[in-house]
Amino acid sequence: MAIECLVLGAGQEVGKSCVVVSIGGKRIMFDCGMHMGYLDHRRYPDFSLISETGDFNSALTCIIITHFHLDHVGALPYFTEVRGYQGPIFMTYPTKAMAPLMLEDYRKVMVERRGEEEQFSHDHIVDCMKKVTTLDLKQTVQVDKDLQIRAYYAGHVLGAAMIYAKVGDTAMVYTGDYNMTPDRHLGAAQIDRLQLDLLITESTYATTIRDSKYAREREFLKAVHKCISGGGKVLIPTFALGRAQELCILLDDYWERMNLKIPIYFSAGLTIQANKYYKMLIGWTSQKIKDTYAIRNTFDFKHVCPFDRSLINASGPCVLFATPGMISGGFSLEVFKQWAPSEKNLVTLPGYCVAGTIGHKLMSGKPTRIDIDKDTHIDVRCQIHQLSFSPHTDAKGIMDLVEFLSPKHVILVHGEKPKMATLKGRIQSELGIQCNDPANNETVLIPTTQNVKINATKMFMRSCSHADFHSVKNSLPCLSDSSFGDSEASNLVRNEKVVEGILVMEKTKTAKIVCEDEFLQTLHVEEHKVQFEYSCPAEKCREQVSCQSNSGPPPSDGNFSETC
Amino acid sequence: MERLLLERLELHLDPLSDERRRLRALASARALIANPDSSDSTCSSAVDTLIRSLDAHPGDPAFLRPALKLLGEAAVLHRPVAPSVIAAVRPFLKGGKCLAADAVAVLASIAESSPEGGGEGGVSLLASVLDEHLLLSLASSPISLVRSRILDLLVSSIGRAQSSVSLLRPHLMLKILLGLAVDLYPLVRRAALDGIMAFCEVAGSDIDSSIIDCCYDCAVELFRDEDELVRSAAVRLVSKCGQMFAASKERTANTERMDVIFVQLCSMARDMSMKVRIEAFLALGKVQLVAENVLLQSLSKKVLGIRSGSKTITKCSVNESKFSLSAAGAFVHGIEDEFYEVRTIACKSLGMLATFSIQFADNALNLLMDMLNDDAEAVRLQTLQTLFHMATHDRLMVQEKHMDMFLGLLADISALIRRAARKVLQLMMLPDIKTFKFTIDCLITNLETYPEEEEDIFFVLCFIGKNHGNFFAKLAKEFTQEIVPSYGELSLDSPRVAAIVVLFISSCISNEHLTCNIPVAIFSYAVSLAGRISCPLGNATNRHSLMAYLCHHSEIPFSDAALKSEMAEEMCHSWPLRNVISQVKVKENMLSMNEMATHLEHSQTDVEQTDEELMQSIQSILEKVVETWPLIKSHCSHEARRTLRTCKEELEMIAWNVTGSLSALLEFALQYVQIIQLIAEMWEKLQPKMSHIVGMITLEVLLEKLNMALRRMRYGFPGLSREVECHIIELTLLGFVFRLCKVGACSNFMLKKLQAIISRAEFLCVEGSSKLSEFAKELLRSCAKGGTGETSQPFPVYKLLELFNLEQVPFAGRFRCIKAELQVLGNDSENPLPVVSGLPVGITFQITVHNISNSDRLWLRMAVGVSVQYVFLDLCQFTGRDEVRSFAVNTPFYATPKVPSFLLRACILMECPSENVTDQKKDQRGPKNDIFLLCEEIDVYLVKIDYR
């Protein structure tokens, strides 16, 4: 039996994650994302590769979504409602809660702002979500008779999961995006030691090794503190979910400790809505938030005040979170226009900005003047701080996870081609594990080992489960305490247990291993005893005569039984 | 009663009786055995009966199992029956599944218990019964429960075996332990690892290195175990082996191995289980003799080149890189762990390792400085403690880039953190003059924000001034300009000026050559500040010499000229701080940061002498108290009460600076004065000319107060002499008489109580030398008269009162004082606890108890309005058997009222141990005996959750 792995998206690139894996006759689609960089047919995975006839229901056993980012869930309504997949879909509770928010937001931006043709409607999203079955962490779900799946905590964003799937003896893990170091609001990825044939892991930072997060936090706090103590305003453009919450926790905590009284604002909309979910889904956050939850919900930010548009031009320092993150338009652009001309103010930029956005322009060099269109331009005199918080694990984390799980085979997805190649080399040379980095629409075949199952009887298990110290004692009769401590001591640890049993193979039944004692019983045969007797001249010894006359076997060693 | 129970027991254990009866019989047997008042003969016959019954019910595990368990308990409680119990239990070792396990459990509990007052140890008792063959067959039993219990037995025998007695020869013991360490069951594996650990500990240094090798190999194999507890045990064992390798003779040969151990532990620090990570970081802190490059690797996630010293070419490079890879960044991961427990320990271990290498300390400092920004207070505090640890080992080399973060902590909201940060600052050597100036500015801002911490801040300024004389010299002029006003008046109230003056004085005292550069005016300013700065300057008692020094330099005429120069001289040469610091450095591993302050105090005062003085002054105050008696008696209560009030105030004054042994005496004296005050008040109320009805209610309250205070006196001071106890009893009797006065007659219950107290007084007088006073005798007589019949005959109350006379309290010997402190951290009227009304609310009390033994019965009383809830504090659960025990109790309060906010009054009570006469009317859930308060009642503020 082999595993067949068809990479429909995120092969040697970042975007539209989608991998279809066939194990033992089951076909699972992991993630169903869209590519944000394309507007043509390349936006979605090429679903026709799954089934030429378009009958996805028989071609796929189930779909599993790891988290709510659009490059992991974006194509799902399209696939289910437009392309007609009706089978089961699995995702975690938070993902199910947040995914419609993300999809709806995206749909609005596409249709209402850019005036594009609608790929899926609001109703499509709603209908699609109705088909979703929810998963909980470490809950094993029996999808059908043979397929088991289980979700593990992945960090990254609220509700992100790594998925373990098992068919028969073949098992694999698809990590989705994960983070091996905890941040302010999420814990680190956590998984059991599993016996795996295949691990499909993301490799966003295939070669980067990040320093401690403290340094990044310190830089950020220092910049913000400096700005507000100078009376300036801080604009933090963020994506609505995840990073905004983390930064806000960081600031709220710092405000608390340093006894600062300057207001922090959230621009209304998605962020506030998302915050409600965060408050409810405490079980999926980091240990610290879980611990303090009973006293105070961390997402009830103490220093966050309600925001009003008139406050943009109010005097005095403040901190403002605004969407979208790359200052590509909307409210963050509006505020940026107002605040950028003052050198007292500060604008933070997210770690990654798409080319063409103002965020990208600010990142590449320090422009003094930005043209928005031919009539408007902004003088940029404010300070700029680039954030380097990232919810993805670094190269060390990937190596750690691969080493911890020690699967037989690794496939890298969700990364940049040259870096993935480097990482692939390291995994093969340092860990000695087979590794692939397929491109989109490529198929990788992975051989798996075939195990033959045999049953064992209870008695046999017992005989395996304990060491018999008597045999040890007998084998080292000369070992006295005086000799204890020299080279003999090393024998003590050589504790090779030899277990003896008899393998019974019958035609129609599974092979079975039994104890010697039970053997006869299993075969329903009677025990035959063959006795040997010494015959000695009677006159030599009177005692033996009496012994023989009793017609019993001699008590010493004249008696043994043989089975047949 | 005992006899009756015993007979019934024998009857019910009869083989013919039914099952329920037999089980009930077991219950009564347990009662007989567990009761401390049962006689020895009863116990042994009960045990004998049980043993006989074992034979009578051979195939009945439902009966045999509890019976065996009971026998085990009996053998622990009554050591003399242990041999017969062991003999009775032995046949069961070969018995069926559960019975064998139970039998082993019995033996294990015997082995674990240590006999009271000498006698044969449990292990030696067992050694006579259990032979090696039997033990081996038990250890290879197919039943996992038997295996795990036999391990318990072996482990406790390892721990307790006297040198001569042991159950097994060491090699067999080790054989079993190592064998069971790879058992199928995690429980057994873990117990076996703990056993190996105990084995290594007992064997100590004379253990052979090849044996350590075995243990080590075994533990390392279990690093990849499935069970987290097994993995943690394996980590502990590896750590122990590491320590033993380091301590062994061939330590130089072991360096390579130590590196390997360090790397292995580093890889465990990335485990998925929090418990394992905690163990791993604890273990990392204890590793010694590790090569510097390996240490450094653990601080960097990037793999740092090839290890120096090893001549590697291509062949080893893969291994090398793998080696470095597992160590890489262990601490970086540790300090950003999700769990603050792990972060705290990682931080602590960093500090321990920093003492080995300067380079490591430098790199670690970068990480530590970042950790000051952690969101958990515990972690920030531990970081500061680690920094302090490094500073005392001269490993703290701060750079300018660090200071920003560090000084930020001075503004932290937690006072604990601020104080700890200042402690580190004291010992810090600042890198350059810019940082020096910045630090001073920060401290001054700090002083402005938190004026209440002035003393501590001045203290730090002193150290900084002293340690950085050269920086200061450069800036002296600038500072001078700042504080010497060009016009107008100098404001010494300004914190800034005061701080700079402190800086001047401190750097002058330690750097004599600076003195000439400093304007005389500054010394004269300092004179006016002397009171505030003398304490931080390190010398409360030596205030005069500071004064002299300042006057000397400021050229102000000083009263005693001869003394002046001498003292000033002395001051410069032996500045006490210097000594303290060096002492602190020497004893660093014993001293934590907080102890430094107390250390200073101790070196300042001549403890012995002051003790004597204080004792005398307390005595004289008590004499004064006794002198008020005639006044009270003659109803000049006004004057008497005034005197008493002054006495109390004086005592309170003394109490300000008393610590240690005298505090008990002081506490006693305070209580005593309060009692006399109460008596005086009551005496006044009882004047015959006044109407009884007027004072009725208050009298009741006063009486209750008096009784409470007297109980506290009697039971709250263990170690009181007989004479003092007699004295207190007499006062108690007086209290009774007052009560009689009020009621005019007495109930049966009160009479019983009275008799109990009088008989105690009689007993004390028979034993001791003192005699019963006339008052007590008379009371005894009237009691005897009235006690037999009805209460119709009134007590001659006024006659009794006339007879009473207060005498001087005869103090002798040392006694202790039982007291408690109760606190709810972070709760005040501004920060109330949230409550959902109608649901229980959990409140965490911080409790400190002094001189409490485990047999004392303490209660926590929580009251809201009329609803009172008692919580029993089981002292056995709280660690430590020292004089002072501190612990936190999280307890629910159930009856939350349906109001927006309310006040909960909590206090700690102690039950009087020996008063047998109890009042049955009391609430059954609370304490059954009389009680007294161990601390003042505290208020806990609670508010309904929406109203916050």
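Within every chain, numbering begins at 1; the chains are lettered A, B, ... in the order of the sequence lines, protein sequences first and strands thereafter.
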| Region of S286(A) in contact with chain B, defined by heavy-atom distances below 4.5 Å | both
| message | Quick check on A189(A) against chain B: is it the side chain, the backbone, both or neither that has a heavy atom closer than 4.5 Å? | response | backbone
| note | All heavy atoms of R193(A) vs all of D271(B), minimum pair found to be NH2-OD2, 4.4 Å
| remark: Okay, A181(B) and chain A: the region with an atom under 4.5 Å from a heavy atom over there is neither
| For atom NZ of K419(A), is the number of surrounding heavy atoms from other residues, nucleotides or ligands below 6.0 Å larger than 12? | no
| query | Considering only heavy atoms, which portion of I249(A) lies under 4.5 Å from any heavy atom of chain B: side chain, backbone, both, or neither? | reply | neither
| Given a strict heavy-atom distance threshold of 4.5 Å, which part of F404(A) is in contact with chain B: side chain, backbone, both, or neither? | both
| task | Would you mind checking which part of I417(B) comes under 4.5 Å of any heavy atom in chain A, side chain (CB onward), backbone (N, CA, C, O), both or neither? | result | neither
| said: Does any part of the side chain of M272(B), heavy atoms only, come nearer than 4.5 Å to the side chain of D192(A), both counted from C-beta? | reply: no
| message | Going by side-chain contact (heavy atoms from CB on, under 4.5 Å), name the residues that satisfy it together with N297(A), two or more places apart in sequence or in a different chain. | response | K279(A), I282(A), Y293(A), F299(A), D300(A)
| Which heavy atom in T181(A) sits nearest to a heavy atom in E336(B), and how many Å separate them? | CG2-OE2, 3.1 Å
| Under 3.5 Å, side chain of E338(B) to main-chain N/O of A188(A), donor-acceptor pair present? | yes
| Electrostatic pair D211(A)-K301(B), nearest N-O below 4.0 angstrom | no
| query | So, do R184(A) and D375(B) sit near enough that their side-chain heavy atoms are less than 4.5 Å apart? | reply | yes
| query | What are the two closest non-hydrogen atoms of D337(B) and P182(A), and how far apart are they? | reply | C-CG, 3.6 Å
| field | Residue part contacting chain B, namely of R257(A), when any heavy atom lies under 4.5 Å | value | both
| said: Is there a side-chain contact between E403(A) and R270(B) in this structure, where contact means two heavy atoms from C-beta onward sitting under 4.5 Å apart? | reply: no
| task | Check whether more than 12 heavy atoms from other residues, nucleotides or ligands sit under 6.0 Å from atom CD of E226(B), and answer yes or no. | result | no
| said: Quick check: do D400(A) and H333(B) have side-chain heavy atoms less than 4.5 Å from each other? | reply: yes
| note | Whatever's closer than 4.5 Å to a heavy atom in chain A on R380(B) counts as side chain
| Side chains of R218(A) and M405(B): does their closest heavy-atom pair fall under 4.5 Å? | yes
| field | Donor-acceptor contact present, side-chain Q287(A) to main-chain F339(B), <3.5 Å | value | no
| Taking only residues two or more places apart in sequence, or in another chain, which ones meet Y216(B) in a ring pair (Phe, Tyr, Trp, His ring centres under 6.0 Å)? | F245(B)
| message | So which residue, I335(B), V332(B), D404(B), ends up with the most heavy-atom pairs under 4.5 Å with chain A? | response | I335(B)
| field | 4.5 Å side-chain heavy-atom contact, D374(B) and Y214(A) | value | yes
| At a heavy-atom separation under 4.5 Å, does T298(A) approach chain B through its side chain, its backbone, both, or neither? | neither
| query | Do the non-hydrogen side-chain atoms of S406(A) and R224(B) ever get within less than 4.5 Å of each other? | reply | yes
| request: Name the region of M274(B), side chain, backbone, both or neither, that has any atom closer than 4.5 Å to a heavy atom of chain A. | output: neither
| remark: Scored by heavy-atom pairs under 4.5 Å with chain B, the best of K222(A), R210(A), K213(A) is K213(A)
| request: Please state whether the side chain, the backbone, both or neither of I289(A) comes within less than 4.5 Å of a heavy atom of chain B. | output: neither
